[in-house]
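Reviewing the structure listed below.
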Amino acid sequence: MLHDLQVWLVTNIIAHSPVANLMRTAWAWPIFESIHFLGLCMLIGCIGTFDLRLLGIAKRVPIAAMHRLIPWGILGFAINASSGLMFLLTEPDQYIYNPSFHFKFLFITIGGLNAATFYLSSYRQIFGANASLNPPLRAKVIAAISLTAWVSVIICGRMLTFYRPAPCLGQQSSLLLQCAPAPERGARQ
């Protein structure tokens, strides 16, 4: 069932992509790669710095001051999501069938759920009336998971170019397709 969903997504994105022609011009892809990198710098720079502060680095800097960077990190994530969508809409088969993309998406989800966990479980302890300079152990674990997740996103994003999906040979036994299925006869390429 997931295999069929992947094939349907690729087929429909290729048939209806509003940005593919723009992205295939001489400068669009490199410009969006640069924008994607700048968004990544904002995301990891801001979120990573806050996570490192929660882990005990730069104890002289108030946690609240570091937390003011979070909106910039969220802006970086929005830039990355937008520019990443442009890549996906241009070459969907190179992403949707790619195991590195599957893992990248998994680690982005872990990073997002981890951030929600922080705000639901530790935020009040750190920024409440009885806040201390040393965050609780739970916040430190969340910060370590956050750093691990976002570094893993970077690694998986870099690995996208090395694991291009090849044509499918035989029956796929994995949960998600990791190869490009042969187009159906009569299907438009």
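Just so it is clear, the structure is predicted and the values come from calculations on it, not from any experiment.
Connection of F105 to V151 is not established within any shared hydrophobic cluster, with ILVMFWY side chains joined at heavy-atom distances below 4.5 Å, either directly or through further cluster members. In the hydrophobic clustering of this structure, L40 groups with L106; members are Ile, Leu, Val, Met, Phe, Trp, Tyr whose side-chain heavy atoms approach within less than 4.5 Å, directly or through other members. Note on M23: it does not cluster hydrophobically with L38, by side-chain heavy-atom contacts below 4.5 Å among ILVMFWY residues. L137 and I145 fall within the same hydrophobic cluster, defined by Ile, Leu, Val, Met, Phe, Trp and Tyr side-chain heavy atoms under 4.5 Å apart, directly or through other members. L22 and I14 fall within a single hydrophobic cluster, where Ile, Leu, Val, Met, Phe, Trp and Tyr side chains are chained together by heavy-atom contacts under 4.5 Å.
Not a single donor-acceptor pair under 3.5 Å links the side chain of R53 to the backbone N or O of P62. S34 places a side-chain N or O within 3.5 Å of a backbone atom of P30 that can act as its donor or acceptor partner. S17 places a side-chain N or O within 3.5 Å of a backbone atom of L89 that can act as its donor or acceptor partner. Checking side-chain atoms of N114 against main-chain N and O of I142 turns up a donor-acceptor pair under 3.5 Å.
Aromatic ring centres of F50 and F118: separated by under 6.0 Å. Taking the centre of each ring, H67 and Y119 come in below the 6.0 Å mark.
Every pair passing salt bridge (charged side-chain N to carboxylate O under 4.0 Å, His left out) that includes a residue from residues 10-26 is listed here, sequence neighbours excluded: R24-E91. Pairs passing the salt bridge (charged side-chain N to carboxylate O under 4.0 Å, His left out) check and including a residue from residues 64-80, sequence neighbours excluded, do not occur.
Interatomic distance, T117 OG1 to I110 CD1, rounded to the nearest 0.5 Å: 11.0 Å. One finds the CD1 atom of I155 at 12.5 Å from the CG atom of L160 (value rounded to the nearest 0.5 Å). Rounding to the nearest 0.5 Å gives a distance of 8.0 Å between CD1 of I35 and CD1 of I79. The line from CZ of F37 to CG of N80 is 10.5 Å long, rounded to the nearest 0.5 Å. Going from atom SG of C156 over to atom CZ of F107 covers 5.0 Å, rounded to the nearest 0.5 Å. Note that CD1 of I13 is 10.0 Å distant from OG1 of T90, once rounded to the nearest 0.5 Å.
Side-chain atoms of L54 and S122, non-hydrogen and from C-beta on, never get closer than 4.5 Å to each other. Looking at C46 and I70, their side chains never come closer than 4.5 Å, going by heavy atoms from C-beta outward. Taking 4.5 Å as the limit, every side-chain heavy atom of L9 sits out of range of all side-chain heavy atoms of P92. Between W72 and I47, every side-chain heavy-atom pair lies at or beyond the 4.5 Å cut-off. With a 4.5 Å cut-off on side-chain heavy atoms, I74 and L43 do not count as touching. Two residues are said to be in side-chain contact when any heavy atoms from C-beta on lie closer than 4.5 Å; K104 and N98 fail this criterion.
Annotation for A139 and I126: closest pair CB-CD1, 3.6 Å, computed over non-hydrogen atoms. Heavy atoms only, all atoms of each residue included: S100 and Y163 are closest at OG-CD1, 3.4 Å. Shortest non-hydrogen contact noted between K140 and P135 is CE-O, 3.5 Å.
Relative orientation of the H36 and F87 rings is perpendicular, given thresholds of 30° and 60° on the angle between their planes.
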Step by step, would you call T11 with W8 a side chain to side chain contact (heavy atoms under 4.5 Å, CB included)? CA-CA 5 Å; T11 304; W8 180 83; 5.8 Å; no
Decide side chain to side chain contact (heavy atoms under 4.5 Å, CB included) for Q6 and H102; before the verdict, give the C-alpha distance in whole Å, the side-chain angles of both, and the deciding distance to 0.1 Å. CA-CA 11 Å; Q6 285 179 281; H102 304 158; 3.6 Å; yes
